[in-house]
Amino acid sequence: MTDEQKIRTNVDNETFWRQVGLDIERHDDLMKGLPPIFQSVFLSQQNRPEKIAYYDSFIEDLHGKRPKEVFERKNNGDKVIGAFCAFFPEEFVHAAGAVPLILCGGAEFPIADAEKILPRNTCPLIKSSFGFKISNLCPYFQSADLLVGETTCGGKKKMYELLGEYVPTYVLHLPHKKNDDISRNLWFEEVKKFKGIVEDLTGREITDQKLKEAVDLANQKRLALARVYNTRKADPVPISGKDVLLVMQLALFDDATRFVKKTNELAEELEARVKRGEGVAPKGAPRVLISGTPMTIPNWKVHDTIEKSGAVVVTEESCTGTRYFTDLVDASGASSSEDLIRSLAEKYLHINCACFTPNDERIEDVVRLAREYSADGVVYYVLQFCHEFNTEFAKIERALRAEGIPVIKIETDYSDSDRGQLKTRIETFVEMLKASKASRAASASKETGIRVSASGS
Ligand code: BJ8
């Protein structure tokens, strides 16, 4: 890259956005909506942990500081690889000294543009992601040298074909059955091939040593997130669900080494809060597990509605939740490159996306997580037109009901048009959870003669 081709990053945000080819006027319109939402959803909360300030500051300059860092890496010869799914083996990207980014759109703003090309009855995550690119609204997207898709759902597969007309796009072939040898071998070969694709793009060899270091880095990220999640098992909960969702969302953008450090610092503060019995919601507040499709920035409305209704979100069975970090890559027994890649491929096959059939592991996971986090109820969250997650609800509902765990399904998009209806349904659900907690506490007190505090209200 010649000096003339380098993007200047020591400039104000607007100059930088012009250089990377953003549509400045529309980008201004997009970004002016963010501060009031962020204020209402996040900054209005009481008693937040101090260490959350790092993640707040990230959002406050979302399209400034971090994209400039990414372009600085490009100026120094590193490549940027963007993806849209938890099945993106980021380890290869780190190992090649490139920058991995997850580019899933969570905003309503670019959807109208996307609908000029994609069918309206497509999931909003797909439309928003596509819209961000075709409308030149996202500096992260502008930085990508390669996009990596995957054969999960039909809408994404077809969108990647169209996206490839704008940016070079490679699609990983993910089999839809994970428990047979043919599928596992196919996925292993695909992951191995992806290593070569990253090497070709970057012009850098991924040695076993580099790959092991990258595996270690990605595992550290997963462990830091698991540490934060673990504190949410306490009652009172030391951090709101909204704040944890923010941390999860930024895990997909931030520099991995810095993110590990900051997230471990947050976990340490939360562990101290748990020891002191300090929480963000009163002890006994109804505890909700959210299960379903991912939520990317600025998709905060379901968490916000639940927590403003007097409940607290204690975990997310989602790709912006436990599915992202639960399994580690076990490289300890790997004695060859093939072994190492196989353990990597195996780890990814443990992500229980609804694109798999059968997908019993996910159903078991939801029940297990509800127990582990002492959830009083489950909000099953489906993005509109996501047939995979929508259809899988039938089995999940049955499994939860068999355990006596109440569940409600919310199917929504990125617009605000259903806010009122959502609020009414969620408030009714939370009231029901409070009432059943109170009646359980009353019968426990009757049996033992001990007064039990039952409600967070
Ligand atoms: S591993 S959940 S990140 S595919 S919501 S685009 S499935 S129609 S986001 Fe996902 Fe990977 Fe699976 Fe996770 Fe399609 Fe459904 Fe939309 Fe989805």
Side-chain angles (χ1 to χ4, degrees), residues 82-90 100-108 110-111 114-115 118-133 147-163 169 171-178 183 187 190-191 194 222 225 245 248-249 251-253 290-297 299 301-302 316-327 345 347-359 361-363 365-366 380-393 396 409-414:
F84 304 85
C85 182
F87 279 99
F88 173 50
E90 63 180 287
L101 294 173
I102 295 286
L103 298 171
C104 294
E108 164 81 352
I111 285 185
E115 285 178 348
L118 301 178
R120 202 193 60 77
N121 58 352
T122 300
C123 142
L125 187 146
I126 297 172
K127 289 188 289 193
S128 179
S129 309
F130 187 68
F132 267 112
K133 178 61 217 165
L147 299 177
V148 178
E150 71 313 310
T151 55
T152 46
C153 65
K156 268 181 157 183
K157 266 189 303 202
K158 291 288 124 184
M159 185 271 278
Y160 295 139
E161 290 177 22
L162 294 162
L163 203 52
T169 301
V171 177
L172 289 160
H173 186 170
L174 178 75
H176 285 181
K177 289 170 92 173
K178 56 182 156 181
S183 301
W187 177 239
E190 192 61 37
V191 170
F194 181 61
R222 295 177 186 118
L225 289 166
L245 177 63
M248 275 306 317
Q249 291 173 331
L252 316 175
F253 284 99
I290 295 183
S291 168
T293 45
M295 299 169 174
T296 49
I297 298 169
N299 180 8
K301 80 175 173 185
V302 172
E316 296 83 12
E317 187 278 323
S318 151
C319 288
T320 40
T322 56
R323 287 203 294 269
Y324 180 73
F325 64 77
T326 296
D327 292 291
K347 174 253 161 310
Y348 280 94
L349 274 190
H350 288 138
I351 298 169
N352 296 322
C353 178
C355 68
F356 286 116
T357 182
N359 198 24
E361 293 89 342
R362 174 161 182 250
I363 291 141
D365 253 6
V366 177
Y380 193 86
Y381 169 77
V382 191
L383 282 171
Q384 226 175 37
F385 309 119
C386 176
H387 305 306
E388 287 80 358
F389 278 88
N390 207 351
T391 309
E392 199 149 273
F393 176 66
I396 289 194
K409 183 171 83 171
I410 302 286
E411 190 181 352
T412 183
D413 59 12
Y414 291 166

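Position 1 is the first residue of the sequence; numbering continues from there. Whatever order the structure lists ligands and atoms in, that order sets their numbers, starting from 1.
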Problem set entry | Sub-4.0 Å heavy-atom contact, Pro294 with ligand 1 | yes

Problem set entry | Protein contact of atom 16 (Fe) of ligand 1 - nearest heavy atom, named by residue and atom, plus distance | Cys123 SG, 2.4 Å

For this session: Give a yes-or-no answer on whether the side chains of Gln384 and Tyr414 include a donor-acceptor pair shorter than 3.5 Å.
Result: no

Problem set entry | Side-chain heavy atoms of Leu163 within contact of Lys133, under 4.5 Å | yes

Exercise. Below 4.0 Å from any atom of ligand 1, is there a heavy atom belonging to Arg323?
Worked result: yes

Exercise. Do Phe87 and Tyr324 pass the ring-ring contact (aromatic ring centres under 6.0 Å, His included) test, and can you show the C-alpha distance, the side-chain angles, and the key distance before you say yes or no?
Worked result: CA-CA 9 Å; Phe87 279 99; Tyr324 180 73; over 10 Å; no

Exercise. Taking only heavy atoms of Phe87, which atoms of ligand 1 are found under 4.0 Å from at least one of them?
Worked result: 1 (S)

For this session: Taking only heavy atoms of Thr152 into account, list the atoms of ligand 1 that are under 4.0 Å away from them.
Result: 4 (S)

Problem set entry | Ile290 side chain reached by Tyr380 side chain, heavy atoms, under 4.5 Å | no

For this session: Heavy atoms only: give me the nearest Gln249-Thr296 pair and the separation to one decimal.
Result: NE2-C, 3.4 Å

Exercise. For atom 8 (S) of ligand 1, is some protein heavy-atom partner under 4.0 Å away?
Worked result: yes

Exercise. Do the ring centers of Phe88 and Tyr348 come within less than 6.0 Å of each other?
Worked result: no

For this session: With heavy atoms of Ile126 as the reference, note each atom of ligand 1 found under 4.0 Å away.
Result: 6 (S)

Problem set entry | Close approach, Gly155 and ligand 1, non-hydrogen under 4.0 angstrom | no

Exercise. For Thr412 and Lys301, does a side-chain donor sit closer than 3.5 Å to a side-chain acceptor?
Worked result: yes

Problem set entry | Numbered atoms and elements of ligand 1 in range of Ala86, under 4.0 angstrom, heavy atoms | 3 (S), 11 (Fe)

For this session: Please confirm if an N, O or S atom belonging to Cys153, backbone or side chain, lies less than 2.8 Å from atom 14 (Fe) of ligand 1.
Result: yes

Exercise. To the nearest 0.1 Å, how far is atom 11 (Fe) of ligand 1 from its closest protein heavy atom, and which atom is that?
Worked result: Cys85 SG, 2.2 Å

Exercise. Does a donor on one side chain sit under 3.5 Å from an acceptor on the other, for Arg362 and Ser291?
Worked result: yes

Exercise. Counting from 1, what ligand 1 atoms have a heavy atom of Phe389 closer than 4.0 Å?
Worked result: 2 (S)

For this session: Enter the distance from Met159:CE to Phe130:CZ here, rounded to the nearest 0.5 Å.
Result: 7.5 Å

Problem set entry | Numbered atoms of ligand 1 (with element) below 4.0 Å of Cys353, judged on heavy atoms | 1 (S), 2 (S), 4 (S), 12 (Fe)

Exercise. Which bit of Cys386 is near ligand 1, meaning a heavy atom under 4.0 Å away: side chain, backbone, both or neither?
Worked result: both

Exercise. Any idea which protein heavy atom is nearest atom 13 (Fe) of ligand 1, and the distance to it?
Worked result: Cys319 SG, 2.3 Å

Exercise. Any idea which protein heavy atom is nearest atom 10 (Fe) of ligand 1, and the distance to it?
Worked result: Lys156 NZ, 3.8 Å

Problem set entry | Closest contact, heavy atoms only, Thr122 versus Lys127 | O-CE, 3.0 Å

Problem set entry | Per-atom contacts of ligand 1 with Thr293, taking only distances under 4.0 Å to non-hydrogen atoms | 5 (S)

Problem set entry | Heavy-atom check, side chain of Val148 versus side chain of Leu172, under 4.5 Å | yes

